[in-house]
Amino acid sequence: MEISHPMRDHAAMDKPNVPTSFDYSRIPEMPASVFVAPLRKPAELGDDWLEPAQRKYSLEEHRIWDELYQRQIGLMPGHACREFAHGLERLNLGRGGVPDFSEMSEELRSLTGWSVVPVPMLIPDHVFYYHLANRRFPAGNFIRSREQFDYIQEPDVFHDVFGHVPLLTDPIFASYMEAYGRAGWKALKYNRLKALSALYWYTVEFGLILEDDQLRIYGAGILSGPTETVFSVEGRSPNRIHLNVDRVMRTDYTISDLQATYFVIESFRELFHLTEQRGFEPIYESLAPAFQYAKTAALDTDHIYHRGTQEYELRGGRGSGAKPA
Ligand SMILES: [Fe+2]
């Protein structure tokens, strides 16, 4: 009988064997030691978690889309980056009601090879990576109710389509998203999923970009809601720090409130260069399993554009009555 050595077992669990190449046409294998949120797949869906068709929205649901769109579109000038505004215009997402995924995908495919596919809810990370690596963006097949008009934690079709899809028309950002999906395979093997999620959070969801020396937004989590659209660019409270990938992948983040820190890039070319061109493997090798930096931290080694007062955070954030400022 072979006796296993606990220390050795722990090391093996922390960094499983890494293959040198991956088959991105298949859903990646999920190592047993990797922690993922326990999501229950509806019985009628296959392993790819895709819904057979986009749902037929009621008139009231289409109206909710139109109202969310109207509220958000007016805030885009002076806040959204130009690539996002250009994508919104190209896809004409305000033509009335929840956009038709097949029409939208046809246009997207001709521009960058991406498509939008319906999913019932949040899907497991490894399935999400599989779709991104194949240039498919999974979007929620439901819309928030009127009671959830101002805030919804689960990503619905408005967040996913209005927030994420316009930038998929930009060739460089489109390549970054595919590269991110591929990077997921390696993160699974190195057990560094949380670090890779922090990168997604601080770029794809909550990223800022410099445009003619002005802060502009490219993150979908910001652009799909009015409060953070203003707070992220104009607020005194949050830090704005130049993106350093190694640092960001070690940084904790806020899930259900406004961010304490935003990371800023100079261009999508820079983002692509800092991640895919440099390669994710050396980064995973150097990372510890847990986050090292608090979400409010501003480090001596950071390139800081604005050191925030953190007053919103210090007063208790959402639910405390603190005014986002
Ligand atoms: Fe999102």
Side-chain angles (χ1 to χ4, degrees), residues 75 78-81 84 151 153 155 159 163-164 167 173 176 180 183 187 192-211 213-268 270-275 283 286-320 322-325:
L75 285 169
H79 292 107
C81 70
F84 181 87
Y151 177 70
Q153 195 161 352
H159 164 81
H164 286 284
L167 270 191
F173 191 81
Y176 172 70
Y180 182 89
R192 291 294 177 267
L193 219 63
K194 215 162 154 49
L196 190 65
S197 301
L199 179 66
Y200 190 85
W201 197 260
Y202 282 122
T203 60
V204 180
E205 294 292 358
F206 294 94
L208 297 183
I209 186 167
L210 278 179
E211 205 171 271
D213 289 332
Q214 302 288 317
L215 288 174
R216 291 291 179 263
I217 308 160
Y218 72 93
I222 307 178
L223 288 167
S224 49
T227 310
E228 199 152 10
T229 294
V230 176
F231 177 83
S232 64
V233 169
E234 295 164 27
R236 292 183 301 268
S237 191
N239 298 323
R240 281 95 176 182
I241 295 173
H242 190 75
L243 181 86
N244 171 325
V245 173
D246 301 67
R247 189 269 205 238
V248 161
M249 287 173 93
R250 293 173 159 85
T251 306
D252 197 7
Y253 52 87
T254 303
I255 291 185
S256 53
D257 205 340
L258 307 172
Q259 300 303 306
T261 298
Y262 298 95
F263 290 93
V264 183
I265 57 171
E266 279 173 11
S267 64
F268 293 131
E270 183 199 23
L271 178 63
F272 192 67
H273 177 73
L274 290 173
T275 52
I283 308 179
S286 69
L287 288 170
F291 287 140
Q292 286 165 260
Y293 305 122
K295 57 199 178 182
T296 49
L299 313 175
D300 290 345
T301 45
D302 282 336
H303 178 106
I304 302 169
Y305 296 107
H306 168 84
R307 190 184 288 267
T309 59
Q310 296 298 339
E311 57 196 79
Y312 176 72
E313 191 74 24
L314 294 170
R315 285 183 191 143
R318 176 171 284 139
S320 70
K323 211 169 157 264

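Given the structure is predicted, the values throughout are model-derived calculations rather than measurements.
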Contacts of Tyr293 meeting ring pair (Phe, Tyr, Trp, His ring centres under 6.0 Å) (sequence neighbours excluded), chain-then-number -> none
Rounding to 0.5 Å, atoms CZ (Arg216) and OG (Ser232) come to a distance of 10.5 Å
So the salt bridge (charged side-chain N to carboxylate O under 4.0 Å, His left out) pairs with at least one residue in residues 243-259 (sequence neighbours excluded) are Asp246-Arg278, Arg247-Asp302
Output for pair (Arg192 CZ, Ser286 OG), nearest 0.5 Å, gives 9.0 Å
Closest heavy-atom pair, Tyr218 versus Cys81, reported as atoms and distance to 0.1 Å, is CB-SG, 3.8 Å
Residue set satisfying ring pair (Phe, Tyr, Trp, His ring centres under 6.0 Å) with Tyr262, at least two apart, ordered chain then number -> none
Residues at least two apart in sequence or cross-chain that pass side chain to side chain contact (heavy atoms under 4.5 Å, CB included) with Glu311, listed by chain then number, are Arg236, Ser237, Thr309, Arg315, Ala325
Just do the ring-ring contact (aromatic ring centres under 6.0 Å, His included) check on Tyr200 and Tyr180 with the steps written out, would you?
-> CA-CA 8 Å; Tyr200 190 85; Tyr180 182 89; 5.0 Å; yes
Here the gap from Glu228 atom CD to Phe206 atom CZ, rounded to the nearest 0.5 Å, amounts to 5.0 Å
Rounded to the nearest 0.5 Å, the OH atom of Tyr202 sits from the CG atom of Leu208 at a distance of 11.5 Å
query: Parallel, tilted or perpendicular: which describes the rings of His159 and His164, with under 30° parallel and over 60° perpendicular?
result: perpendicular
Heavy atoms of Gly235 and Pro238 approach each other most closely as O-CD, 3.7 Å
Hits for ring pair (Phe, Tyr, Trp, His ring centres under 6.0 Å) against His79, two or more places apart or cross-chain, chain-then-number order -> none
dist Tyr312:OH -> Arg318:CZ (nearest 0.5 Å) comes out at 5.5 Å
In short, Leu223 meets Ala80 closest at the heavy-atom pair CD2-CB, 3.8 Å
Closest non-hydrogen contact found for Ser320 with Gly317 is OG-O, 2.5 Å
Across all chains, not counting sequence neighbours, the side chain to side chain contact (heavy atoms under 4.5 Å, CB included) partners of Ser256 are Tyr151, Gln153
Scanning both residues in full, the closest heavy-atom pair of Met249 with Ala198 reads CA-CB, 4.4 Å
Ring pair (Phe, Tyr, Trp, His ring centres under 6.0 Å) filter on Phe272, not counting sequence neighbours, yields none
Taken in chain and number order and not counting sequence neighbours, the residues that satisfy side chain to side chain contact (heavy atoms under 4.5 Å, CB included) with Ala260 are Lys295, Thr296, Gln310, Glu313
Note: Gly207 and Ile222 closest approach over all heavy atoms is O-CD1, 4.2 Å
Rounded to the nearest 0.5 Å, the NE2 atom of His303 sits from the CG atom of Leu299 at a distance of 14.0 Å
Next on the checklist: Do Tyr305 and Leu210 have side chains that approach each other closer than 4.5 Å (heavy atoms only, starting at C-beta)?
Outcome noted: yes
Sorted by chain and number, sequence neighbours left out, side chain to side chain donor-acceptor pair (under 3.5 Å) with Glu270 holds for His242
Side chain to side chain contact (heavy atoms under 4.5 Å, CB included) filter on Leu243, not counting sequence neighbours, yields Thr203, Val245, Val248, Phe263, Ile265, Leu271, Leu274
Checking Thr251, Asn239, Thr254 against Thr261 for side-chain hydrogen bond (donor to acceptor under 3.5 Å, both in side chains), the one that qualifies is Asn239
